K.L.:
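Pasting a structure below so you can have a look.
As the structure lists them, so they are numbered: ligands from 1, and atoms in each ligand from 1. Counting from 1, the numbers follow the sequence of the chain as shown. These numbers come from a predicted model, not from an experiment.
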Amino acid sequence: MYIDIAKEKFNNLYKTYKNRDILVLGIESSCDETAIAIVKNGREILSNVVATQIEIHARFGGVVPEVASRNHLLCIDSVLNEALEKAGVTLEDIDAVAVTYGAGLIGALMVGVSYAKALAYSMGVPLIAVNHIKGHISANYLTHKDLKPPFVSLIVSGGHTALVKVNNYYKNTLLGSTIDDAVGECYDKVAKCLDLGYPGGVVIDKKAKEGNNNIKFINHELMPNTFDFSFSGVKTTIINYIHKLKQNGEELPVADICTSFQEQVTDELVSKSIKACKKYKEKKLVVGGGVSANSALREKLTKAGEENGIEVYFPELKLSGDNGAMIASEGYYQIISGMGLAGMDLSAEPNINLKVVRRKEKF
Ligand code: KG4
Ligand code: ZN
């Protein structure tokens, strides 16, 4: 039986990891990137191939789920071959297959999960179920070789905005999360309204450098006395502001809107992150997710960290967006914690949140 072989190998990896190298193949397909990477001992990237579908979805102004699933299917084989080739290894060298099983688009996740199951089964190696959000945190282990928990983590992506206390490699405590839109989602929606295209983060970040923070979109502290976030009010205020100007035939101060939006939203992220570090007496803040590439967020958090004696970590830019290396790294840390082994019944779970820090099974 596959699961018996997998359990035996998993236990063996768990018991011997200190004395040997472990190669994990990581698969990520939760949204519009088909990504496969091979990572050694959770920290060293041997290959990291990302096939992005951005151009395909840009013409629709956002990700079309069914189109995403079909394109994952079309390219996943060649992404795997390229990842193996670039790493200079064969499937026989791989010790475990880690895959994003949630959160994300159901059809897109299913492609990666089914592919990972087939691979793990045919290779007779353990299958490790990885929460995408935890992967974003682990991207930092690849960039900062000495970084270890505990720390506070700020996750900012297209689907999530959250503050998490990372207690150790497998145990997290959710401190707060958005009660409505994710911050990346707001970037994308504001950009769409300004006709700046998809995805909106990079282009708003760029435009924001040319404008002034002279339009007040946030008039009060959002969600005070909690580590939760709320961005839908800001988003709606901005969208209404844009529509009103358009209806009156007035010229849109695009750069000023971008600067004001970015400054005000990043102030909110910075202020809550620093408060969380102080409250939980953590001297390390680790940022993850697509929006961690944002230049204003990087600048402000670094400065606030210096002022408050907190060391702030960001993933290198190429690891801030979705990739397979972060999934492989997270898979490694689950293995050495004795967690995360999945069977052939693993299914895609589009709505897992940060409260789900791992699969319950412990073998
Ligand atoms: O983590 P990610 O690649 O996918 C999800 O898990 O959602 O994040 C994608 C999000 C998009 O909303 C994109 O607009 C945003 O990250 N993003 C940025 C920047 N680069 C990407 N947002 C702000 N500034 C950026 N430089
Ligand atoms: Zn992501």
K.L.:
Any heavy atom of Cys31 sitting closer than 4.0 Å to ligand 1?
P.N.:
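For ligand 1, residue contact (heavy atoms, under 4.0 Å) with Cys31 is absent.
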K.L.:
Show which atoms of ligand 1 fall inside a sub-4.0 Å distance from at least one heavy-atom site of Gly184.
P.N.:
12 (O)
K.L.:
Which of the atoms in ligand 1, numbered in the order shown and given with their element, are less than 4.0 Å from a heavy-atom of Gly159?
P.N.:
7 (O)
K.L.:
Please say whether Pro199 places an N or O atom under 3.5 Å from an N or O atom belonging to ligand 1.
P.N.:
no
K.L.:
Identify the protein heavy atom lying closest to atom 24 (N) of ligand 1, giving its residue, its atom name and the separation to 0.1 Å.
P.N.:
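So the nearest neighbour among protein heavy atoms is Asn294 ND2, 2.9 Å.
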K.L.:
We want to know whether Asp322 and His132 form a side-chain donor-acceptor pair, criterion being a heavy-atom distance below 3.5 angstrom.
P.N.:
yes
K.L.:
What protein heavy atom sits nearest atom 15 (C) of ligand 1, and how far away is it?
P.N.:
Val291 CG2, 3.9 Å
K.L.:
Taking distance alone, with N or O pairs closer than 3.5 Å, would you say Gly201 contacts ligand 1?
P.N.:
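It does: an N or O of Gly201 is found under 3.5 Å from an N or O of ligand 1.
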K.L.:
Measure the distance from atom 9 (C) of ligand 1 to every protein heavy atom, then report the residue, atom name and distance (to 0.1 Å) of the closest one.
P.N.:
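Heavy-atom neighbour on the protein nearest atom 9 (C) of ligand 1: Gly158 N, 3.8 Å.
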K.L.:
Among side-chain atoms of Glu311 and Tyr313, is any donor-acceptor pair under 3.5 angstrom?
P.N.:
yes
K.L.:
For His160, state whether at least one heavy atom is located under 4.0 Å from any atom of ligand 1.
P.N.:
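In this structure, His160 fails to qualify as a contact of ligand 1 - no heavy atom is under 4.0 Å.
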K.L.:
Do the side-chain N and O atoms of Thr259 and Lys207 include a donor-acceptor pair separated by under 3.5 angstrom?
P.N.:
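Checked: Thr259/Lys207 side chains show no N/O donor-acceptor pair below 3.5 Å.
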K.L.:
Verify whether one side chain among Asp180 and Ser230 offers a donor that lies under 3.5 Å from an acceptor in the other.
P.N.:
yes
K.L.:
What protein heavy atom is closest to atom 21 (C) of ligand 1, reported as residue, atom name and distance in Å?
P.N.:
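Among all protein heavy atoms, the one nearest atom 21 (C) of ligand 1 is Gly290 O, 3.4 Å.
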K.L.:
Of Tyr14, Tyr169, Tyr17, which is the lone residue that meets ring pair (Phe, Tyr, Trp, His ring centres under 6.0 Å) with Tyr333?
P.N.:
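When Tyr14, Tyr169, Tyr17 are each tested with Tyr333, the ring pair (Phe, Tyr, Trp, His ring centres under 6.0 Å) holds only for Tyr169.
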K.L.:
Is Lys192 close enough and on-axis enough to Tyr198, meaning under 6.0 Å and within 45°, for cation-pi?
P.N.:
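Geometry flag: not set, cation outside 6.0 Å or 45°.
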K.L.:
Looking only at side-chain N and O atoms, does Glu268 offer a donor or acceptor that is under 3.5 Å from a partner on Thr266?
P.N.:
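No donor-acceptor contact under 3.5 Å links the two side chains.
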K.L.:
Could you state whether Ile76 and Leu25 fall into the same hydrophobic cluster, counting links through intermediate Ile, Leu, Val, Met, Phe, Trp or Tyr residues with side-chain heavy atoms under 4.5 angstrom apart?
P.N.:
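Same cluster: Ile76 reaches Leu25 through Ile, Leu, Val, Met, Phe, Trp or Tyr contacts under 4.5 Å.
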K.L.:
Taking distance alone, with N or O pairs closer than 3.5 Å, would you say Glu33 contacts ligand 1?
P.N.:
no
K.L.:
Same cluster or not: are Ile45 and Ile94 linked, directly or through other Ile, Leu, Val, Met, Phe, Trp or Tyr residues, by side-chain heavy atoms under 4.5 angstrom apart?
P.N.:
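No: no chain of side-chain contacts under 4.5 Å links Ile45 to Ile94.
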K.L.:
Around atom 11 (C) of ligand 1, find the nearest protein heavy atom and jot down its residue, atom name and distance.
P.N.:
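For this ligand atom, the closest protein heavy atom is Asp188 OD2, 3.6 Å.
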K.L.:
Is the side chain of Ser29 donor-acceptor paired with the backbone N or O of Ala108 at a distance under 3.5 Å, no angle test?
P.N.:
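Side chain of Ser29 to backbone of Ala108, a donor-acceptor pair under 3.5 Å: yes, one is there.
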K.L.:
Checking Gln262 against Asn294: is there a side-chain donor and acceptor pair closer than 3.5 Å?
P.N.:
yes
K.L.:
Just one of Val39, Thr16, Asn41 clears the side chain to side chain contact (heavy atoms under 4.5 Å, CB included) bar with Ile22, so which one?
P.N.:
Asn41
K.L.:
Within a radius below 2.8 Å of the Zn ion (ligand 2), how many protein N, O or S atoms are present?
P.N.:
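With waters ignored, the protein N/O/S count below 2.8 Å is 3.
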K.L.:
Nearest protein heavy-atom contact for atom 6 (O) of ligand 1: which residue, which atom, what distance?
P.N.:
His132 NE2, 3.1 Å
K.L.:
Quick one: look at Asp205 and ligand 1, take heavy-atom pairs under 4.0 Å, and tell me if it's side chain, backbone, both or neither.
P.N.:
side chain
K.L.:
State, without any angle test, whether Lys165 and Asn167 hold a side-chain donor-acceptor pair at a distance under 3.5 Å.
P.N.:
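Asn167 and Lys165 do have a side-chain donor-acceptor pair below 3.5 Å.
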K.L.:
Verify the cluster assignment for Val97 and Leu142: are they in a single hydrophobic cluster under the rule of side-chain heavy atoms below 4.5 Å apart?
P.N.:
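No; tracing contacts between hydrophobic side chains, which count when under 4.5 Å, never links both residues.
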K.L.:
Within the 4.0 Å heavy-atom shell around His136, which atoms of ligand 1 are there?
P.N.:
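Under 4.0 Å from His136, ligand 1 has these atoms: 1 (O), 6 (O).
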K.L.:
So which heavy atom in the protein is nearest atom 2 (P) of ligand 1, and how far is it from that ligand atom?
P.N.:
Asp322 OD1, 3.4 Å
K.L.:
What do you reckon, does Gly321 have a nitrogen or oxygen under 3.5 Å from a nitrogen or oxygen of ligand 1?
P.N.:
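Checking ligand 1 against Gly321, no N or O pair falls under 3.5 Å apart.
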